[in-house]
Amino acid sequence: MKKILLITIFLLNCSYAQVSINAGLYNENIKQLFINDLDLIQQGTSPLIFWLRFDNSQPAAANVYLKLSFIYVDHFKGQVRELLRGQTQPIEIPSAGLSLTNQDIFSGNGSYKLRDYGIDRQAADNIMDYILSTGKIPSGRYEFMLRIFDSKTHSRLDETVIELEISDQISIDLISPGEKADISHLPEIYTKLPHFRWESNATRFRLRVCEKLPGNNSPEE
């Protein structure tokens, strides 16, 4: 009898392990991500960012829950910072599997919505000023870490990672005074109080004024 019981438990544990998860981006060339795209207030306004696919190879439905982490990977400092986290309510995965999107889990009204969802302000301290001033996350490497757990045993069944590189394309166009540095002939400025003007999608600037000496011929000089 003991041998039969042990075999039964082993088979049950194996059945849990047959639930897997896959995920990917809708737009592989995404370059910008606004913090509202992650729908922190859960109003169901998030655009399509990624898809999820749960596969269940067993004939019976499986009950799992999903944990999501949004992670900033700082290669320069050798740090990994969890910026956002959340956990879904229990999800039933039929034998045919289940497909979801980020809209399903970010929405506050759906049956797959996240609970205990929020931003880790201590971990995000270094980039929070940028997020608050621009509404965007700064350039860098980010990951959506997705892990599924058995609802009864709380054992981890599978996990996957969606990686994305955010590149904030900054543009700046000089209006006045003068011309761009790569122009060979620069106009004379006759006032000691010039009014500097430019157009840009950046929000913070550092202005450096240098004298062009007779021997300076290159833009670098």
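Computed from heavy atoms alone, side chains included, the values below leave out hydrogens, waters and symmetry copies. Along the sequence shown, residues carry numbers from 1.
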When you measure from the side chain of [X] to the backbone of [Y], do you find a donor-acceptor pair of N or O atoms at a distance under 3.5 Å?
X	Y	result
Thr101	Leu48	no
Asp150	Ser155	no
Asn102	Pro47	yes
Ser69	Met145	no
Thr191	Leu193	yes

May I have the step-by-step check of side chain to side chain contact (heavy atoms under 4.5 Å, CB included) for Leu146 and Ile21, ending in yes or no? CA-CA 8 Å; Leu146 303 157; Ile21 181 172; 4.1 Å; yes
Determine whether Leu100 and Tyr112 satisfy the following criterion, side chain to side chain contact (heavy atoms under 4.5 Å, CB included), listing intermediate values before the conclusion. CA-CA 9 Å; Leu100 301 176; Tyr112 309 109; 3.5 Å; yes
If you take all heavy atoms of [X] and [Y], which pair is closest and at what distance?
X	Y	answer
Gly86	Leu114	C-CD2, 3.8 Å
Val19	Ala62	CG2-CB, 3.6 Å
Pro59	Ser95	O-CB, 3.5 Å
Ile91	Thr88	CD1-OG1, 3.6 Å
Leu25	Glu163	CD1-O, 3.8 Å
Glu143	Leu164	N-CD2, 4.4 Å

Could you walk me through whether Arg141 and Tyr72 pass side chain to side chain contact (heavy atoms under 4.5 Å, CB included), step by step? CA-CA 6 Å; Arg141 164 88 173 280; Tyr72 172 54; 5.9 Å; no
Find out whether the Lys NZ or Arg CZ of Lys67 is both under 6.0 angstrom from the six-membered ring centre of Phe149 and within 45° of the ring's axis.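 Judged by the rule, Lys67 and Phe149 form a cation-pi pair.
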What is the ring orientation for Phe70 with Phe144, classed by angle as parallel under 30°, tilted 30 to 60°, or perpendicular over 60°? tilted
Measuring from atom CG of Asn29 to atom CD of Glu165, what distance do you get when rounded to the nearest 0.5 angstrom? 12.5 Å
Please test Ile162 against Tyr142 for side chain to side chain contact (heavy atoms under 4.5 Å, CB included), starting from the C-alpha separation and ending with a verdict. CA-CA 8 Å; Ile162 305 173; Tyr142 295 86; over 6 Å; no
Are Arg53 and Ser99 linked by a side-chain donor-acceptor pair shorter than 3.5 Å? yes
Measure centre to centre between the rings of Tyr26 and Phe50, then say whether the value is under 6.0 Å.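 Tyr26 vs Phe50: aromatic centres not under 6.0 Å.
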